[in-house]
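Presented below is the structure to which this report refers.
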Amino acid sequence: MVTPIYERFRDSIRAEVPIALATLVEGPNLGAKLLVEESGSSLGSLGGEELDRVVRRDAIAMLEAGTSEVRHYGSHGEARQHDLSVFIECHSRRPHLVIFGAVDFTRALASQGKLLGFRVTVCDARKVFATRRRFPMADEVVVDWPDRLLARIGNDLGPRDAVCVLTHDAKFDVPAIMGSLPTRVGYLGAMGSRQTHEKRLERLLDEGVTAEELERVKSPIGLDIGGRTPEETAVSIVAEIIALRTGRNAPSLSDAKGSIH
Amino acid sequence: MDEIFDDIERWLTKGQKVAVARVVDIEGSGPRDPGAAMAVNEAGEVAGSVSGGCVEGAVVGEAIELLEGRRTAGITSFGYSDDEAFAVGLTCGGTIHLFIEELNW
């Protein structure tokens with residue numbers, strides 16, 4: 001016999017609704033469950049109100065970070081104690097990769113993004129280029145201006161998400177970067193040669209963006225692996241996204257001075 | 001766990017007991033991350049996986065013991081070690097900790 005906890009857990013995962021399942025894996029009440037939704041509402045109990053409250057708080061943070069792990073608590077949820085072990089299993093929303101510019105590099109990057117489990121959106125204002133036919137691997141292809149798309153989805157972007165600006169075109173990449181800067185997106189990269197990058201920086205500064213804000217923009221985009229083809233460039237971009245998330249010290253093109261290829 | 005729900009539903013509908021093993025922790029390199037899950041019914045049928053095929057056989061044994069009441073729910077570890085307790089190992093050299101329980105929640 002299963003209970004409403006299992007049913008809600010199963011239905012949430014099937015519907016891709018973020019959900020965390022906390023299971024007491026060491027201590028009294030072994031196997032006790034607390035199911036936590038993103039909103040903070042919960043079902044079940046690990047055996048005490050205070051413990052449930054602390055685990056609920058931790059689960060919500062872990063849902064945002066997209067991690068699953070064992071946490072240790074005192075018997076009433078105290079931190080830095082080791083009476084209980086609770087496994088918090090998080091099923092987060094898929095991270096979102098938003099690619100501006102429907103160019104050749106976009107195809108390769110969209111495919112790489114899918115491979116890594118991203119929900120991929122391709123956006124370009126030119127409807128002849130931004131077509132499903134050209135980007136069948138993308139979850140959505142949007143014909144619109146970047147600032148308008150970002151006005152709609154910007155609030156939903158978080159630390160696990162990424163925005164890649166591949167247009168090379170000032171009238172498109174300036175609004176894409178400006179629209180991304182106020183969001184909480186974890187990775188923001190823009191393609192272009194060092195020369196393009198310098199010119200773009202000037203235009204962004206003219207628009208009133210501060211130098212400090214621009215430090216967040218990875219440009220030229222990608223790791224310094226000498227990639228040349230769209231496919232190799234896509235690998236260098238997703239590798240930079242991974243390295244930024246894991247905090248590893250991989251050589252970014254934006255930190256180097258030499259040639260890109 | 002999403003890939004194993006269909007099998008679980010089928011087994012539950014037939015009135016079979018189901019055990020679930022989930023990776024809760026990994027030391028060193030491990031093939032699957034915490035949250036990877038495998039379900040086993042009382043007939044020994046399997047859905048999902050918790051490693052690259054290294055320990056699944058042993059997990060089936062543990063799951064059936066649990067469903068037959070010969071062991072209790074709890075953490076079971078597998079890894080490369082000289083210790084007798086680690087009879088089944090991971091070729092990648094890591095250690096995985098699984099929580100095995102009956103699906104009765």
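Chain identifiers are assigned alphabetically (A, B, ...) following the order of the sequence lines, protein sequences preceding nucleic acid strands; residue numbering begins at 1 within each chain.
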Counting heavy atoms not belonging to [X], are there more than 12 under 6.0 Å from its [atom1]?
X: A:Arg80; atom1: CZ; value: no
X: A:Arg160; atom1: CZ; value: yes
X: A:Arg132; atom1: CZ; value: yes
X: A:Asn155; atom1: CG; value: no
X: B:Glu3; atom1: CD; value: yes

How close do [X] and [Y] get, heavy atom to heavy atom, and via which atoms?
X: B:Gly35; Y: A:Phe87; value: N-CZ, 3.6 Å
X: A:Thr3; Y: B:Asn104; value: CG2-O, 4.1 Å
X: A:Ser68; Y: B:Pro34; value: O-CB, 3.5 Å

A:Leu21 side chain near B:Trp105 side chain, heavy-atom distance below 4.5 Å: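 The answer is yes; the side chains approach within 4.5 Å.
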Residue pair B:Phe99 / A:Leu30, side-chain heavy-atom distance below 4.5 Å: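 Result yes, sub-4.5 Å side-chain heavy-atom pair found.
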B:Val23 versus chain A, the contacting section by heavy-atom distance below 4.5 Å: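 Looking at B:Val23, just its backbone touches chain A.
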Separation of A:Lys33 NZ from B:Glu101 CD (nearest 0.5 Å):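 Reported to 0.5 Å precision, the distance equals 3.0 Å.
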Distance (rounded to the nearest 0.5 Å) between A:Thr23 OG1 and B:Arg22 CZ: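 One gets 4.0 Å once the value is rounded to the nearest 0.5 Å.
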Which bit of [X] comes within less than 4.5 Å of chain B, counting heavy atoms only: side chain, backbone, both or neither?
X: A:Arg10; value: both
X: A:Glu7; value: neither
X: A:Leu35; value: neither

Neighbourhood of chain A inside residues 5-16 of chain B, taking heavy atoms under 4.5 Å as contact: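 Listed by number: B:Phe5, B:Asp6, B:Ile8, B:Glu9, B:Leu12.
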Listed partners of A:His76 passing ring pair (Phe, Tyr, Trp, His ring centres under 6.0 Å), at least two apart: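 Once residues adjacent in sequence are excluded, A:His76 has no partner under the ring pair (Phe, Tyr, Trp, His ring centres under 6.0 Å) criterion.
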